[in-house]
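Just so we're on the same page: letters track the sequence lines, and every chain starts at 1.
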Amino acid sequence: MPTVEFKGKTFEVDEDGFLLGGLDAWCQEWVEYVKQLEGIEELTEEHWKVIKVLQDYYKKNGVAPMVRVLSKVTGFPLKKIYELFPSGPGKGACKMAGLPKPTGCV
Amino acid sequence: MAKLPKPEELFDSIDWTPPETDWMDTPVEFQPGRWCYPAKKKVVEDLGFPNPREWSPADEDWKIPSNWREIVLEGMKERLEKYRSFKLFMDICVRCGACADKCHYFLGSGDPKNMPVLRAELMRSIYKGEFTLPGKIFGRLAGARKLTEEVIKEWFYYYYQCSECRRCSVFCPYGIDTCEVTMMGRELLHLLGININWILEPVRNCVYIGNHLGLQPHTVKENIEYLCWDIEEVTGLKIQPSFNRKGAEILFVAPSGDYFADPGIYTFMGYLVLFEYLGLDYTLSTYASEGGNFGLFTSHEMMQKINAKIYHEAERLGVKFIIGGECGHMWRVKHQYMDTVNGPAPSNLEVPKSPITGTVFEHAKSTKMIHICEFTADLIAHGKLELDPSRNDKYVVTFHDSCNPSRGMGFFEEPRFILKHVCNNFYDMPENTIREKTFCCGSGSGLNTDEFMDMRMRGGLPRANAVEYVHKKHGVNMLACICAIDRAALSTLMQYWVPEVGVCGVHELVANALVFPDEKTGKKKRTLDLRQQPLKPEDEENV
């Protein structure tokens, strides 16, 4: 699998650039790496709120939440999530939070 | 991931001119966006499949076992003996060409190896060269060739550019079913550890956790409770479905996409609203929590294993019969394999009988399982539902026949019958693109993954083209379907080719139109649809 290097850290990623090591490999540098990748100018508390909700949910459930659940828990409508993460809740927010890509009829 | 060209660019790039060289002399070239990522090593290990390793189709060396030739030929021999259809389809093609332009992937790519005749020939030529006397003696003159590593790579490319939709078989005068050839191709590739992650990870999740998406029991329950809160916001109904409840009359099984992803979640809400209206004695299961079956796209054995959970759960809970949701390939498994590979059905199951109308579904005597559209169409036919189709007036609707319910079980009328009762504006697409001649969404058989997007948009073009026709002619703006892959894949397809058209399930529209007694008396008024959008223009101000 490919690896990416960023600020002295090496990350193993899948074909679409999702972090392979899961939450154990997740760290501040990874967040900064994805921030740059996503073209996000500045990380705000709102970004961190989304990341935290995603990670807490993942620890409890082993999967990313339904978009609807993410919206309800953060209080951010989908449009707002797209403003925060231009690639959307899956490819942007989940990637930054270190969650794997969802598969199936989605 | 390959960058997807703009629709005009993609359209202009379609070229049906065949290459100068004979097909056997034309090597396979892997184009970006037209092949899927391999299954992760861990997933292959978990499933106990052969040869788990890290590899990529983009590499020269696919790291297959050194005795790969023996493995494939032995696998082919075994399957030629086991499946009469496979041997028959290898023997009988007369190359009339009736199938050639019927494949959506050929129409959208112009690649001649996507003509069903040639797709099958990729396998048939090996059959001839390795298993028949004329082929062994006359070689290429008899259409035969030898099995090489190049052939294996070609199989991988083209057997994962077939969505097993079976449209070609409708036109074949001999009834050759290329889908079954593709199934054999995929099974043989599995023997070498060649497979795709988008299929195998859901299979792994289904086997270990219960459904394709890997939703654990508490997550299944929580997701559905979230949907119930949304229903309450729209209808005021407090729905509390039961889970794993012993003694319920009916077990309801839906594809897991319906309680996870948009727009499937609205279809799921639709089921729940209908059941609430009827006061149905049903239960959901967190064990049999997947109607879909990516095992069908993997191997016969895996399809059987995944499917078995539904009867197990029906037996454990002691239900009388099973209703299945709007899922496509699920119904091919139920209709054609379930009661033979996993039957006979547990003895507590009875021939499905609607508790509302008393209708006995004789055709499901053996499987004990009916499609929710059959159930609902029967309710409507008996006048058991109070419906206000004007609630769906903002939609001009057409219907996409999903490949498996249509060609796999002849299921054409029930969804249309329902739609015509719950909407005022319904228009079918042209005759040669619907019912048994329906065009695939371009992403079926487990190919609905992002890295395959170029081929998905190409393969979906014939379907999108027919939608565009009714969009322009009748103003169609909603494409209804009864399949979870469709709901996800057609949304992307419409966004690309016909962005004016949305996608929904049939039961979403049923629930919008369903008038509850309190609404009839005027005690309550519904102003929102299940998507929490105004039902009618005049409701805008009330929202």
Side-chain angles (χ1 to χ4, degrees), chain A residues 1-4 12-25 34 37-39 53-82 86-95 99-106, chain B residues 1 36-38 40-43 54 56 58 197-206 209 211-216 218-220 222-227 229-230 255-262 264-265 290-292 294 327-330 443 446 448-451 483-489:
Chain A
M1 278 292 157
T3 52
V4 292
E12 220 187 337
V13 297
D14 76 358
E15 297 93 336
D16 293 323
F18 281 76
L19 189 62
L20 278 178
L23 295 187
D24 293 339
V34 179
L37 207 69
E38 278 280 284
V53 167
L54 284 174
Q55 292 188 338
D56 286 349
Y57 188 92
Y58 186 77
K59 281 177 203 157
K60 205 173 118 217
N61 300 281
V63 288
M66 287 201 284
V67 175
R68 215 148 186 95
V69 173
L70 180 65
S71 274
K72 276 235 165 89
V73 180
T74 56
F76 300 149
L78 187 57
K79 199 167 149 258
K80 171 84 185 169
I81 294 172
Y82 269 94
S87 308
K91 282 170 210 149
C94 283
K95 188 185 271 186
L99 271 54
K101 205 171 37 182
T103 54
C105 298
V106 291
Chain B
M1 198 182 298
C36 305
Y37 299 146
K40 290 180 193 143
K41 188 178 171 207
K42 173 87 172 74
V43 167
E54 295 234 348
S56 166
N197 200 62
W198 197 260
I199 294 177
L200 274 205
E201 192 166 320
V203 166
R204 187 255 168 223
N205 287 344
C206 218
I209 303 172
N211 48 68
H212 291 157
L213 296 164
L215 308 174
Q216 298 171 45
H218 62 287
T219 318
V220 172
E222 196 181 277
N223 276 11
I224 292 171
E225 283 166 357
Y226 264 99
L227 300 181
W229 291 340
D230 279 356
S256 62
D258 278 1
Y259 50 90
F260 186 82
D262 276 37
I265 52 171
E290 180 61 75
F294 275 28
C327 175
H329 65 279
M330 160 186 190
S443 306
N448 51 318
T449 178
D450 280 3
E451 72 269 17
C483 163
I485 292 183
D486 277 333
R487 280 187 281 278

With sequence neighbours excluded, tell me which residues meet side chain to side chain contact (heavy atoms under 4.5 Å, CB included) with A:Pro2.
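Side chain to side chain contact (heavy atoms under 4.5 Å, CB included) check on A:Pro2 returns A:Val13.
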Using a strict 4.0 Å threshold on nitrogen-to-oxygen distance, state whether B:Asp450 and A:Lys91 make a salt bridge.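 Yes, charged N to carboxylate O under 4.0 Å.
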### Query
In terms of side-chain geometry, is the basic nitrogen of B:Glu222 or A:Lys60 positioned less than 4.0 Å from the acidic oxygen of its partner?
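Judged by the 4.0 Å cut-off on N to carboxylate O distance, B:Glu222 and A:Lys60 do form a salt bridge.
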- Query: Where does B:Ile199 contact chain A at under 4.5 Å (heavy atoms): side chain, backbone, both or neither?
  - Reply: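 Looking at B:Ile199, nothing touches chain A.
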message: Is B:Asp486 close to chain A through its backbone or its side chain, or both, or neither, when contacts mean heavy atoms under 4.5 Å?
response: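 Neither part.
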| Most contacts with chain A, counted as non-hydrogen pairs under 4.5 angstrom, among B:Lys40, B:Lys41, B:Gln216 |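 Top count of heavy-atom pairs under 4.5 Å with chain A: B:Gln216.
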Of all of B:Asp230, B:Asp262, B:Thr449, which one pairs up most often with chain A through heavy atoms under 4.5 Å apart?
->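 Greatest number of close heavy-atom pairs with chain A: B:Asp230.
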Fill in: ring-ring contact (aromatic ring centres under 6.0 Å, His included) partners for B:Tyr226, two or more places apart
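In terms of ring-ring contact (aromatic ring centres under 6.0 Å, His included), with neighbours along the sequence ignored, B:Tyr226 is linked to B:Trp229.
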- Query: Does any donor atom in the side chain of B:Tyr37 or A:Asp16 lie under 3.5 Å from an acceptor atom in the other side chain?
  - Reply: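 Side chains of B:Tyr37 and A:Asp16: pair found under 3.5 Å.
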Show the nearest heavy-atom pair for residues B:Leu215 and A:Val63, with the distance to one decimal.
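Closest heavy-atom pair between B:Leu215 and A:Val63: CD2-CG2, 3.7 Å.
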- Test side chain to side chain donor-acceptor pair (under 3.5 Å) applied to A:Asn61 - qualifying residues, sequence neighbours left out: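 Testing A:Asn61 for side chain to side chain donor-acceptor pair (under 3.5 Å), a comparison that skips the adjacent residues, returns B:His218, B:Thr219.
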Practice problem: Output the residues of residues 64-71 of chain A for which the shortest heavy-atom distance to chain B is under 4.5 Å, in residue-number order; output 'none' if no such residue exists. | Solution: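 The residues closer than 4.5 Å to chain B, in numerical order, are A:Ala64, A:Pro65, A:Met66, A:Arg68, A:Val69.
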Heavy-atom side-chain contact between A:Glu15 and B:Pro38 under 4.5 Å: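 They are in contact (side-chain heavy atoms under 4.5 Å apart), so the answer is yes.
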